[in-house]
Participant: 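Just dropping this structure here.
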Protein chains: 2
Amino acid sequence: MIQNDALQAFFDRKSVRSFLDKAVPQEIKELIIDAGIAAPSAGNQQLYTIIVLEEQALKEKLALLCDNQPFIATAPFVLVLLADCRRWLDCYHYAGLDPRRPGLGDMLLACEDAVIAAQNMVMAAHFLGLGSCYIGDILENQEEVAALLHLDSWVVPATMLVFGYPTQQAAERNKPKRPPREYLVRKNYYSALSEPELRRLFNDLSPGRDFNQYMTAFCKRKYLSDFAQEMNRSVLCFSAPFTKDQERTE
Amino acid sequence: MIQNDALQAFFDRKSVRSFLDKAVPQEIKELIIDAGIAAPSAGNQQLYTIIVLEEQALKEKLALLCDNQPFIATAPFVLVLLADCRRWLDCYHYAGLDPRRPGLGDMLLACEDAVIAAQNMVMAAHFLGLGSCYIGDILENQEEVAALLHLDSWVVPATMLVFGYPTQQAAERNKPKRPPREYLVRKNYYSALSEPELRRLFNDLSPGRDFNQYMTAFCKRKYLSDFAQEMNRSVLCFSAPFTKDQERTE
(Lines give C-alpha, C1' and ligand atoms only; values in the text may rest on other atoms or scores of the structure.)
Protein backbone atom coordinates (compact mmCIF):
# COMPACT_ATOMS: atom_id res chain seq x y z
CA MET A 1 0.00 0.00 0.00
CA ILE A 2 2.73 2.49 0.89
CA GLN A 3 4.23 3.46 -2.41
CA ASN A 4 7.67 4.77 -1.74
CA ASP A 5 10.39 5.14 0.85
CA ALA A 6 9.73 8.82 1.38
CA LEU A 7 6.17 8.10 2.39
CA GLN A 8 7.28 5.37 4.77
CA ALA A 9 9.31 8.00 6.63
CA PHE A 10 6.15 9.67 7.96
CA PHE A 11 5.23 6.39 9.62
CA ASP A 12 8.75 5.64 10.88
CA ARG A 13 9.61 9.02 12.36
CA LYS A 14 9.30 9.14 16.14
CA SER A 15 10.39 11.62 18.79
CA VAL A 16 13.99 11.41 19.98
CA ARG A 17 14.98 12.73 23.40
CA SER A 18 18.41 11.18 23.75
CA PHE A 19 21.24 12.42 21.55
CA LEU A 20 24.79 11.40 20.73
CA ASP A 21 27.46 13.88 21.72
CA LYS A 22 27.97 14.79 18.06
CA ALA A 23 27.65 18.24 16.57
CA VAL A 24 25.25 18.93 13.72
CA PRO A 25 27.19 20.44 10.78
CA GLN A 26 26.28 24.02 9.91
CA GLU A 27 25.14 23.10 6.39
CA ILE A 28 22.76 20.49 7.80
CA LYS A 29 21.31 23.05 10.22
CA GLU A 30 20.80 25.47 7.35
CA LEU A 31 19.20 22.83 5.18
CA ILE A 32 16.71 21.96 7.94
CA ILE A 33 15.85 25.63 8.46
CA ASP A 34 15.47 26.19 4.73
CA ALA A 35 13.11 23.20 4.47
CA GLY A 36 11.04 24.92 7.16
CA ILE A 37 11.05 28.24 5.33
CA ALA A 38 9.95 26.43 2.15
CA ALA A 39 6.75 25.31 3.93
CA PRO A 40 3.34 26.69 3.02
CA SER A 41 2.55 29.92 4.83
CA ALA A 42 -0.60 32.08 5.05
CA GLY A 43 -0.39 34.52 2.14
CA ASN A 44 3.31 33.57 1.81
CA GLN A 45 3.93 35.89 4.77
CA GLN A 46 6.13 33.61 6.95
CA LEU A 47 4.49 34.82 10.13
CA TYR A 48 7.33 33.54 12.30
CA THR A 49 10.88 34.13 13.43
CA ILE A 50 13.24 31.25 14.18
CA ILE A 51 15.64 31.57 17.11
CA VAL A 52 18.72 29.34 16.95
CA LEU A 53 19.90 28.74 20.50
CA GLU A 54 23.67 28.68 20.40
CA GLU A 55 24.46 29.61 24.01
CA GLN A 56 24.56 26.64 26.33
CA ALA A 57 23.42 28.79 29.26
CA LEU A 58 20.27 29.76 27.36
CA LYS A 59 19.49 26.13 26.56
CA GLU A 60 19.89 25.27 30.22
CA LYS A 61 17.60 28.06 31.36
CA LEU A 62 14.97 27.05 28.84
CA ALA A 63 15.28 23.39 29.86
CA LEU A 64 14.32 24.52 33.37
CA LEU A 65 11.52 26.80 32.20
CA CYS A 66 10.11 24.02 29.99
CA ASP A 67 8.94 21.80 32.82
CA ASN A 68 12.53 21.00 33.85
CA GLN A 69 13.49 18.61 31.05
CA PRO A 70 17.30 18.41 31.13
CA PHE A 71 17.55 16.56 27.80
CA ILE A 72 16.68 19.86 26.09
CA ALA A 73 20.06 21.27 27.09
CA THR A 74 21.87 18.20 25.73
CA ALA A 75 20.52 18.63 22.19
CA PRO A 76 23.15 19.96 19.78
CA PHE A 77 20.64 21.94 17.71
CA VAL A 78 17.75 23.80 19.34
CA LEU A 79 15.25 26.13 17.73
CA VAL A 80 12.50 28.27 19.23
CA LEU A 81 9.79 29.08 16.73
CA LEU A 82 8.12 32.38 17.42
CA ALA A 83 4.78 33.49 16.04
CA ASP A 84 5.77 36.90 14.67
CA CYS A 85 2.96 39.41 14.19
CA ARG A 86 5.43 42.27 14.18
CA ARG A 87 7.45 41.98 10.95
CA TRP A 88 4.58 42.91 8.63
CA LEU A 89 3.20 45.44 11.10
CA ASP A 90 6.59 47.18 11.04
CA CYS A 91 6.54 47.15 7.23
CA TYR A 92 3.16 48.87 7.28
CA HIS A 93 4.42 51.47 9.74
CA TYR A 94 7.58 52.10 7.69
CA ALA A 95 5.34 52.56 4.64
CA GLY A 96 3.59 55.36 6.52
CA LEU A 97 0.46 53.44 7.46
CA ASP A 98 -1.18 53.21 10.87
CA PRO A 99 -3.12 49.94 10.78
CA ARG A 100 -5.04 48.10 13.52
CA ARG A 101 -3.40 46.10 16.35
CA PRO A 102 -2.93 42.36 15.72
CA GLY A 103 -5.89 40.30 16.89
CA LEU A 104 -6.20 36.83 18.39
CA GLY A 105 -6.85 35.39 14.92
CA ASP A 106 -3.60 36.89 13.67
CA MET A 107 -1.80 35.32 16.62
CA LEU A 108 -3.33 31.89 16.04
CA LEU A 109 -2.60 32.03 12.32
CA ALA A 110 1.02 32.98 13.07
CA CYS A 111 1.37 30.10 15.58
CA GLU A 112 0.04 27.75 12.92
CA ASP A 113 2.43 29.17 10.31
CA ALA A 114 5.33 28.55 12.69
CA VAL A 115 4.25 25.00 13.39
CA ILE A 116 3.74 24.17 9.70
CA ALA A 117 7.37 25.26 9.15
CA ALA A 118 8.39 23.25 12.23
CA GLN A 119 6.93 20.04 10.88
CA ASN A 120 8.82 20.46 7.62
CA MET A 121 12.00 20.85 9.69
CA VAL A 122 11.22 17.74 11.71
CA MET A 123 10.71 15.62 8.58
CA ALA A 124 13.68 17.14 6.76
CA ALA A 125 15.82 16.31 9.80
CA HIS A 126 14.52 12.75 9.72
CA PHE A 127 15.55 12.38 6.07
CA LEU A 128 19.01 13.63 7.10
CA GLY A 129 19.34 11.05 9.87
CA LEU A 130 18.58 13.39 12.74
CA GLY A 131 16.11 12.81 15.52
CA SER A 132 13.93 15.59 16.90
CA CYS A 133 11.36 16.40 19.54
CA TYR A 134 8.77 19.13 19.93
CA ILE A 135 8.85 20.99 23.23
CA GLY A 136 5.34 22.33 23.70
CA ASP A 137 6.33 23.50 27.17
CA ILE A 138 7.80 26.63 25.59
CA LEU A 139 4.24 27.97 25.91
CA GLU A 140 4.73 28.06 29.70
CA ASN A 141 6.31 30.75 31.86
CA GLN A 142 5.85 33.43 29.26
CA GLU A 143 7.26 36.25 31.40
CA GLU A 144 10.60 34.47 31.91
CA VAL A 145 10.75 33.13 28.34
CA ALA A 146 9.98 36.59 26.92
CA ALA A 147 12.63 38.22 29.11
CA LEU A 148 15.21 35.54 28.27
CA LEU A 149 14.68 35.69 24.49
CA HIS A 150 13.94 39.44 24.31
CA LEU A 151 10.46 38.90 22.91
CA ASP A 152 8.06 41.62 21.90
CA SER A 153 4.31 41.83 22.66
CA TRP A 154 3.56 40.84 19.07
CA VAL A 155 6.11 38.00 19.01
CA VAL A 156 5.16 34.98 21.11
CA PRO A 157 6.46 31.42 21.49
CA ALA A 158 4.75 28.93 19.16
CA THR A 159 6.87 25.84 19.74
CA MET A 160 10.42 24.65 20.36
CA LEU A 161 12.33 21.92 18.52
CA VAL A 162 15.39 19.99 19.62
CA PHE A 163 17.47 18.02 17.12
CA GLY A 164 20.44 15.69 17.22
CA TYR A 165 21.77 12.31 16.21
CA PRO A 166 19.80 9.68 18.14
CA THR A 167 21.44 7.31 20.57
CA GLN A 168 21.04 3.65 19.61
CA GLN A 169 18.43 3.23 22.33
CA ALA A 170 16.42 6.20 21.04
CA ALA A 171 16.68 4.92 17.47
CA GLU A 172 15.46 1.46 18.46
CA ARG A 173 12.61 2.59 20.70
CA ASN A 174 9.18 1.57 19.43
CA LYS A 175 7.07 4.40 18.11
CA PRO A 176 4.05 4.85 20.39
CA LYS A 177 0.88 3.45 18.84
CA ARG A 178 -1.57 5.81 17.15
CA PRO A 179 -5.35 5.46 17.36
CA PRO A 180 -6.85 3.66 14.36
CA ARG A 181 -8.15 6.10 11.77
CA GLU A 182 -11.86 5.46 12.42
CA TYR A 183 -11.63 7.04 15.87
CA LEU A 184 -10.14 10.31 14.61
CA VAL A 185 -12.04 10.75 11.36
CA ARG A 186 -15.66 11.80 10.87
CA LYS A 187 -17.65 12.09 7.64
CA ASN A 188 -19.10 15.54 6.93
CA TYR A 189 -20.02 16.34 10.53
CA TYR A 190 -18.31 16.28 13.88
CA SER A 191 -19.68 13.95 16.50
CA ALA A 192 -18.14 13.00 19.81
CA LEU A 193 -17.12 9.41 20.41
CA SER A 194 -19.50 7.58 22.71
CA GLU A 195 -18.34 6.03 25.99
CA PRO A 196 -18.25 2.50 24.47
CA GLU A 197 -16.24 3.81 21.51
CA LEU A 198 -13.74 5.56 23.79
CA ARG A 199 -13.38 2.43 25.93
CA ARG A 200 -12.88 0.34 22.78
CA LEU A 201 -10.24 2.80 21.51
CA PHE A 202 -8.45 2.54 24.85
CA ASN A 203 -8.52 -1.25 24.63
CA ASP A 204 -7.12 -1.14 21.10
CA LEU A 205 -4.21 1.01 22.28
CA SER A 206 -3.62 -0.47 25.73
CA PRO A 207 -4.97 -4.03 25.76
CA GLY A 208 -5.58 -5.46 29.20
CA ARG A 209 -5.32 -2.17 31.09
CA ASP A 210 -8.06 -0.68 33.24
CA PHE A 211 -9.70 2.37 31.64
CA ASN A 212 -10.69 4.19 34.81
CA GLN A 213 -7.38 3.62 36.55
CA TYR A 214 -5.36 4.68 33.50
CA MET A 215 -7.44 7.81 32.89
CA THR A 216 -7.26 8.84 36.52
CA ALA A 217 -3.48 8.59 36.50
CA PHE A 218 -3.11 10.18 33.05
CA CYS A 219 -5.41 13.06 33.92
CA LYS A 220 -3.43 13.77 37.07
CA ARG A 221 -0.07 13.47 35.30
CA LYS A 222 -1.05 15.54 32.24
CA TYR A 223 -4.26 17.51 32.28
CA LEU A 224 -4.24 18.49 35.95
CA SER A 225 -0.47 18.81 36.18
CA ASP A 226 1.19 22.01 37.28
CA PHE A 227 2.74 22.41 33.82
CA ALA A 228 -0.63 22.18 32.03
CA GLN A 229 -2.20 24.75 34.32
CA GLU A 230 0.87 26.96 33.96
CA MET A 231 0.60 26.64 30.17
CA ASN A 232 -2.99 27.85 30.29
CA ARG A 233 -2.07 30.80 32.49
CA SER A 234 0.92 31.67 30.33
CA VAL A 235 -0.93 31.48 27.00
CA LEU A 236 -3.79 33.60 28.36
CA CYS A 237 -1.17 36.09 29.45
CA PHE A 238 0.69 36.42 26.14
CA SER A 239 -2.63 36.44 24.27
CA ALA A 240 -3.93 39.44 26.21
CA PRO A 241 -2.43 42.19 23.99
CA PHE A 242 -4.05 40.48 20.97
CA THR A 243 -7.55 40.77 22.41
CA LYS A 244 -7.52 44.39 23.55
CA ASP A 245 -8.84 46.32 20.58
CA GLN A 246 -11.56 43.82 20.02
CA GLU A 247 -12.70 43.88 23.63
CA ARG A 248 -12.90 47.64 23.47
CA THR A 249 -15.26 47.61 20.50
CA GLU A 250 -17.72 45.19 22.02
CA MET B 1 23.93 20.37 -0.87
CA ILE B 2 20.49 18.77 -0.91
CA GLN B 3 21.18 15.14 -0.30
CA ASN B 4 18.22 13.18 -1.58
CA ASP B 5 15.05 13.38 -3.58
CA ALA B 6 12.82 13.24 -0.54
CA LEU B 7 14.44 16.36 0.84
CA GLN B 8 14.09 18.16 -2.48
CA ALA B 9 10.33 17.65 -2.20
CA PHE B 10 10.09 20.17 0.67
CA PHE B 11 11.55 22.80 -1.65
CA ASP B 12 9.45 21.79 -4.66
CA ARG B 13 6.04 21.52 -3.03
CA LYS B 14 3.82 24.54 -3.67
CA SER B 15 0.14 25.25 -3.12
CA VAL B 16 -2.29 24.00 -5.75
CA ARG B 17 -5.68 25.64 -6.22
CA SER B 18 -6.69 24.19 -9.58
CA PHE B 19 -7.51 20.51 -9.84
CA LEU B 20 -8.18 17.98 -12.57
CA ASP B 21 -11.65 16.46 -12.58
CA LYS B 22 -10.22 13.18 -11.30
CA ALA B 23 -11.26 11.39 -8.15
CA VAL B 24 -8.73 10.53 -5.45
CA PRO B 25 -8.82 6.77 -4.78
CA GLN B 26 -10.01 5.79 -1.32
CA GLU B 27 -6.73 4.07 -0.45
CA ILE B 28 -4.79 7.24 -1.30
CA LYS B 29 -7.11 9.29 0.91
CA GLU B 30 -6.56 6.84 3.76
CA LEU B 31 -2.80 6.85 3.28
CA ILE B 32 -2.73 10.66 3.46
CA ILE B 33 -4.85 10.65 6.61
CA ASP B 34 -2.71 7.94 8.19
CA ALA B 35 0.45 9.94 7.46
CA GLY B 36 -1.19 12.77 9.37
CA ILE B 37 -2.11 10.57 12.29
CA ALA B 38 1.50 9.30 12.39
CA ALA B 39 2.71 12.87 13.06
CA PRO B 40 4.14 13.92 16.42
CA SER B 41 1.45 14.95 18.89
CA ALA B 42 1.59 16.49 22.36
CA GLY B 43 1.78 13.57 24.80
CA ASN B 44 0.70 11.31 21.90
CA GLN B 45 -2.83 12.57 22.53
CA GLN B 46 -3.89 13.46 18.94
CA LEU B 47 -5.75 16.54 20.07
CA TYR B 48 -7.72 16.78 16.83
CA THR B 49 -10.57 15.31 14.82
CA ILE B 50 -10.47 15.14 11.04
CA ILE B 51 -13.65 15.81 9.08
CA VAL B 52 -13.75 14.37 5.57
CA LEU B 53 -16.15 16.46 3.52
CA GLU B 54 -17.96 14.10 1.19
CA GLU B 55 -21.14 16.10 0.52
CA GLN B 56 -20.79 18.53 -2.34
CA ALA B 57 -23.33 20.89 -0.75
CA LEU B 58 -21.15 21.15 2.37
CA LYS B 59 -18.05 21.93 0.31
CA GLU B 60 -19.98 24.66 -1.48
CA LYS B 61 -21.24 26.19 1.74
CA LEU B 62 -17.73 26.16 3.21
CA ALA B 63 -16.29 27.66 0.02
CA LEU B 64 -18.64 30.59 0.59
CA LEU B 65 -17.90 30.85 4.32
CA CYS B 66 -14.14 30.74 3.63
CA ASP B 67 -13.94 34.15 1.98
CA ASN B 68 -15.88 32.92 -1.06
CA GLN B 69 -13.20 30.83 -2.77
CA PRO B 70 -15.05 28.63 -5.28
CA PHE B 71 -12.00 26.43 -5.99
CA ILE B 72 -12.52 24.84 -2.56
CA ALA B 73 -15.71 23.20 -3.81
CA THR B 74 -13.91 21.84 -6.88
CA ALA B 75 -11.32 19.88 -4.87
CA PRO B 76 -11.98 16.13 -4.90
CA PHE B 77 -10.67 15.61 -1.36
CA VAL B 78 -11.34 18.14 1.40
CA LEU B 79 -10.52 17.86 5.10
CA VAL B 80 -11.36 20.13 7.99
CA LEU B 81 -8.95 19.71 10.89
CA LEU B 82 -10.55 20.42 14.22
CA ALA B 83 -8.69 21.15 17.44
CA ASP B 84 -10.43 18.66 19.74
CA CYS B 85 -10.25 19.38 23.47
CA ARG B 86 -13.24 17.17 24.09
CA ARG B 87 -12.12 13.57 23.44
CA TRP B 88 -9.82 13.34 26.46
CA LEU B 89 -12.17 15.41 28.60
CA ASP B 90 -14.91 12.86 27.85
CA CYS B 91 -12.54 10.04 28.79
CA TYR B 92 -11.91 11.70 32.15
CA HIS B 93 -15.64 12.13 32.72
CA TYR B 94 -16.35 8.50 31.77
CA ALA B 95 -13.64 7.46 34.24
CA GLY B 96 -15.62 9.24 36.96
CA LEU B 97 -13.44 12.35 37.18
CA ASP B 98 -14.56 15.96 37.16
CA PRO B 99 -11.53 17.91 35.93
CA ARG B 100 -11.12 21.59 35.04
CA ARG B 101 -12.45 23.21 31.85
CA PRO B 102 -10.04 23.39 28.90
CA GLY B 103 -7.98 26.59 28.87
CA LEU B 104 -6.64 28.77 26.09
CA GLY B 105 -3.31 26.92 26.24
CA ASP B 106 -5.10 23.61 25.70
CA MET B 107 -6.85 25.14 22.70
CA LEU B 108 -3.63 26.50 21.19
CA LEU B 109 -1.81 23.21 21.76
CA ALA B 110 -4.67 21.33 20.09
CA CYS B 111 -4.63 23.72 17.10
CA GLU B 112 -0.88 23.12 16.80
CA ASP B 113 -1.37 19.35 17.04
CA ALA B 114 -3.92 19.52 14.21
CA VAL B 115 -1.62 21.60 12.03
CA ILE B 116 1.38 19.32 12.62
CA ALA B 117 -0.76 16.44 11.36
CA ALA B 118 -1.94 18.63 8.46
CA GLN B 119 1.59 19.32 7.27
CA ASN B 120 2.37 15.59 7.23
CA MET B 121 -0.74 15.11 5.08
CA VAL B 122 0.32 17.89 2.72
CA MET B 123 3.77 16.38 2.21
CA ALA B 124 2.47 12.80 1.97
CA ALA B 125 0.04 13.99 -0.71
CA HIS B 126 2.91 15.62 -2.57
CA PHE B 127 4.85 12.33 -2.57
CA LEU B 128 1.71 10.69 -3.99
CA GLY B 129 1.43 13.22 -6.83
CA LEU B 130 -1.38 15.26 -5.31
CA GLY B 131 -1.48 18.99 -4.91
CA SER B 132 -2.92 20.67 -1.84
CA CYS B 133 -3.72 24.01 -0.30
CA TYR B 134 -4.33 25.22 3.24
CA ILE B 135 -7.53 27.19 3.77
CA GLY B 136 -6.84 29.35 6.81
CA ASP B 137 -10.19 31.07 6.24
CA ILE B 138 -11.87 28.20 8.07
CA LEU B 139 -11.09 30.27 11.19
CA GLU B 140 -13.71 32.80 10.04
CA ASN B 141 -17.49 32.79 10.55
CA GLN B 142 -17.29 30.44 13.50
CA GLU B 143 -21.03 30.49 14.22
CA GLU B 144 -21.93 29.28 10.71
CA VAL B 145 -19.01 26.84 10.50
CA ALA B 146 -19.86 25.38 13.91
CA ALA B 147 -23.53 25.00 12.97
CA LEU B 148 -22.69 23.46 9.59
CA LEU B 149 -20.19 20.91 10.96
CA HIS B 150 -22.00 20.28 14.28
CA LEU B 151 -19.07 21.49 16.35
CA ASP B 152 -18.88 21.52 20.11
CA SER B 153 -17.60 24.33 22.38
CA TRP B 154 -14.43 22.32 22.97
CA VAL B 155 -13.93 21.44 19.30
CA VAL B 156 -12.90 24.34 17.09
CA PRO B 157 -11.61 24.74 13.52
CA ALA B 158 -7.80 24.64 13.26
CA THR B 159 -7.35 24.54 9.51
CA MET B 160 -8.78 23.15 6.28
CA LEU B 161 -6.97 21.30 3.50
CA VAL B 162 -8.00 20.73 -0.08
CA PHE B 163 -6.31 18.08 -2.22
CA GLY B 164 -6.45 16.92 -5.81
CA TYR B 165 -4.43 16.20 -8.91
CA PRO B 166 -3.03 19.50 -10.17
CA THR B 167 -3.89 20.92 -13.57
CA GLN B 168 -0.87 21.37 -15.82
CA GLN B 169 -0.97 25.10 -15.22
CA ALA B 170 -0.99 24.62 -11.43
CA ALA B 171 1.85 22.09 -11.68
CA GLU B 172 3.97 24.45 -13.77
CA ARG B 173 3.35 27.60 -11.75
CA ASN B 174 6.47 28.98 -10.09
CA LYS B 175 6.63 28.55 -6.35
CA PRO B 176 6.48 32.01 -4.72
CA LYS B 177 9.88 33.12 -3.46
CA ARG B 178 10.71 32.76 0.21
CA PRO B 179 12.70 35.31 2.22
CA PRO B 180 16.39 34.44 2.52
CA ARG B 181 17.14 32.65 5.79
CA GLU B 182 19.00 35.57 7.41
CA TYR B 183 15.81 37.63 7.63
CA LEU B 184 13.85 34.95 9.47
CA VAL B 185 16.53 33.55 11.77
CA ARG B 186 18.01 35.12 14.87
CA LYS B 187 20.81 33.84 17.12
CA ASN B 188 19.87 33.35 20.78
CA TYR B 189 17.64 36.41 21.04
CA TYR B 190 14.75 37.90 19.13
CA SER B 191 15.27 41.29 17.59
CA ALA B 192 13.06 43.07 15.12
CA LEU B 193 14.37 43.80 11.64
CA SER B 194 15.26 47.45 11.15
CA GLU B 195 13.63 49.58 8.48
CA PRO B 196 16.65 49.27 6.14
CA GLU B 197 16.64 45.48 6.62
CA LEU B 198 12.93 45.24 5.84
CA ARG B 199 13.35 47.41 2.76
CA ARG B 200 16.29 45.25 1.64
CA LEU B 201 14.26 42.07 2.19
CA PHE B 202 11.47 43.56 0.09
CA ASN B 203 13.94 44.39 -2.68
CA ASP B 204 15.33 40.85 -2.58
CA LEU B 205 11.83 39.44 -3.04
CA SER B 206 10.32 42.05 -5.36
CA PRO B 207 13.16 43.77 -7.22
CA GLY B 208 12.24 47.09 -8.76
CA ARG B 209 8.94 47.53 -6.92
CA ASP B 210 8.11 50.45 -4.65
CA PHE B 211 8.04 49.47 -0.96
CA ASN B 212 5.49 52.04 0.23
CA GLN B 213 3.11 51.46 -2.65
CA TYR B 214 3.32 47.66 -2.34
CA MET B 215 2.83 47.69 1.45
CA THR B 216 -0.13 50.06 1.22
CA ALA B 217 -1.86 47.78 -1.28
CA PHE B 218 -0.89 44.57 0.54
CA CYS B 219 -2.04 45.92 3.90
CA LYS B 220 -5.39 46.90 2.45
CA ARG B 221 -5.84 43.59 0.61
CA LYS B 222 -4.73 41.36 3.51
CA TYR B 223 -4.33 42.85 6.95
CA LEU B 224 -7.19 45.37 6.77
CA SER B 225 -9.42 43.15 4.63
CA ASP B 226 -12.89 42.18 5.77
CA PHE B 227 -11.80 38.53 5.98
CA ALA B 228 -8.85 39.30 8.29
CA GLN B 229 -11.04 41.33 10.63
CA GLU B 230 -13.71 38.63 10.51
CA MET B 231 -11.06 36.03 11.36
CA ASN B 232 -10.06 38.00 14.44
CA ARG B 233 -13.67 38.36 15.57
CA SER B 234 -14.39 34.70 14.92
CA VAL B 235 -11.30 33.36 16.73
CA LEU B 236 -11.99 35.60 19.72
CA CYS B 237 -15.50 34.20 19.73
CA PHE B 238 -14.61 30.49 19.66
CA SER B 239 -11.80 31.10 22.16
CA ALA B 240 -14.16 32.60 24.73
CA PRO B 241 -15.22 29.33 26.43
CA PHE B 242 -11.52 28.48 26.89
CA THR B 243 -10.84 31.64 28.89
CA LYS B 244 -13.77 31.56 31.30
CA ASP B 245 -12.48 29.64 34.27
CA GLN B 246 -9.25 31.51 34.23
CA GLU B 247 -10.91 34.90 34.07
CA ARG B 248 -13.05 33.92 37.03
CA THR B 249 -10.04 33.16 39.24
CA GLU B 250 -8.27 36.46 38.53
Side-chain angles (χ1 to χ4, degrees), chain A residues 6-7 10-11 15 33 35 37-38 40 42-44 50-52 54-55 58 86 91-92 94-95 97 99 103-105 108-109 112 115-116 119-120 124 127 134 136 139 149-151 155 176 178 181 184-190 192 195 198 212 215-216 219 222-224 231-232 235-236 246, chain B residues 6-7 10-11 15 33 35 37-38 40 42-44 50-52 54-55 58 86 91-92 94-95 97 99 103-105 108-109 112 115-116 119-120 124 127 134 136 139 149-151 155 176 178 181 184-190 192 195 198 212 215-216 219 222-224 231-232 235-236 246:
Chain A
L7 214 51
F10 294 96
F11 298 91
S15 296
I33 289 172
I37 294 174
N44 196 28
I50 302 161
I51 306 266
V52 185
E54 298 194 338
E55 281 184 20
L58 270 181
R86 173 157 179 183
C91 286
Y92 302 147
Y94 294 136
L97 306 167
L104 197 59
L108 179 58
L109 201 67
E112 294 191 352
V115 168
I116 290 169
Q119 185 55 15
N120 259 19
F127 284 117
Y134 279 88
L139 300 177
L149 302 180
H150 304 181
L151 305 187
V155 179
R178 299 306 196 246
R181 188 194 313 127
L184 300 182
V185 174
R186 287 287 173 262
K187 279 189 192 175
N188 296 313
Y189 307 102
Y190 172 77
E195 180 170 356
L198 286 168
N212 290 17
M215 288 302 162
T216 303
C219 184
K222 287 272 183 195
Y223 192 66
L224 296 180
M231 178 188 70
N232 281 312
V235 171
L236 199 64
Q246 292 164 291
Chain B
L7 213 51
F10 294 96
F11 297 92
S15 296
I33 289 173
I37 295 174
N44 197 27
I50 301 161
I51 307 267
V52 185
E54 299 194 338
E55 282 184 20
L58 269 182
R86 173 158 177 182
C91 286
Y92 302 146
Y94 294 136
L97 307 168
L104 197 60
L108 178 58
L109 201 67
E112 293 191 353
V115 168
I116 291 168
Q119 185 55 13
N120 259 19
F127 285 117
Y134 278 89
L139 300 177
L149 301 180
H150 305 181
L151 305 187
V155 180
R178 299 306 197 247
R181 190 194 312 128
L184 300 182
V185 175
R186 287 285 172 266
K187 281 190 192 174
N188 295 313
Y189 306 103
Y190 172 76
E195 181 172 353
L198 286 169
N212 289 19
M215 288 303 163
T216 303
C219 184
K222 287 272 182 196
Y223 192 65
L224 296 179
M231 179 188 70
N232 281 312
V235 171
L236 198 65
Q246 291 164 291

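Order of the sequence lines fixes the chain letters, A, B, ..., with proteins taken first and strands second; residue numbering starts at 1 for each chain.
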Participant: What part of A/Tyr134 is in contact with chain B, defined as an atom under 4.5 angstrom from a non-hydrogen atom: side chain, backbone, both or neither?
Facilitator: side chain
Participant: By a 4.5 Å heavy-atom criterion (distance strictly below it), what part of A/Lys187 contacts chain B: side chain, backbone, both, or neither?
Facilitator: both
Participant: CG of B/Leu149 to OH of A/Tyr190: how many Å apart, nearest 0.5 Å?
Facilitator: 12.0 Å
Participant: Indicate the atoms forming the closest heavy-atom contact of A/Gly43 with B/Lys222, along with that distance.
Facilitator: CA-NZ, 3.6 Å
Participant: To the closest 0.5 Å, what do you measure between OH (A/Tyr92) and CG (B/Leu224)?
Facilitator: 7.5 Å
Participant: Given heavy-atom pairs under 4.5 angstrom as the criterion, report whether the side chain, backbone, both or neither of B/Leu198 touches chain A.
Facilitator: side chain
Participant: Can you tell which part of A/Ile51 gets under 4.5 Å to a heavy atom of chain B, answering side chain, backbone, both or neither?
Facilitator: both
Participant: On a heavy-atom basis, which atom in B/Asn188 and which in A/Glu55 lie closest, and how many Å separate them?
Facilitator: OD1-N, 3.0 Å
Participant: Identify which part of A/Asn44 has an atom lying under 4.5 Å from any heavy atom of chain B, answering side chain, backbone, both or neither.
Facilitator: side chain
Participant: Is it the backbone or the side chain of A/Ala124 that comes under 4.5 Å from a heavy atom of chain B, or both, or neither?
Facilitator: both
Participant: Taking all non-hydrogen atoms of both residues into account, name the closest pair between B/Phe10 and A/Ala35 and its distance.
Facilitator: CB-CB, 4.2 Å
Participant: Please flag which part of A/Val155 lies under 4.5 Å from any non-hydrogen atom of chain B: side chain, backbone, both or neither.
Facilitator: side chain
Participant: If I measure from the heavy atoms of chain A, does B/Ile116 come under 4.5 Å with its side chain, its backbone, both, or neither?
Facilitator: both
Participant: Is A/Leu184 close to chain B through its backbone or its side chain, or both, or neither, when contacts mean heavy atoms under 4.5 Å?
Facilitator: both
Participant: Could you report the tightest heavy-atom contact between A/Arg178 and B/Ala38, atom names first, then the distance?
Facilitator: NH2-O, 3.3 Å
Participant: Which atoms of A/Ile37 come close to chain B, meaning under 4.5 Å heavy atom to heavy atom: side chain ones, backbone ones, both, or neither?
Facilitator: both
Participant: Nearest 0.5 Å please: distance from the CE atom of A/Met231 over to the CG atom of B/Leu108.
Facilitator: 8.0 Å
Participant: Sort A/Leu139 into side chain, backbone, both or neither according to what part of it lies under 4.5 angstrom from a heavy atom of chain B.
Facilitator: side chain
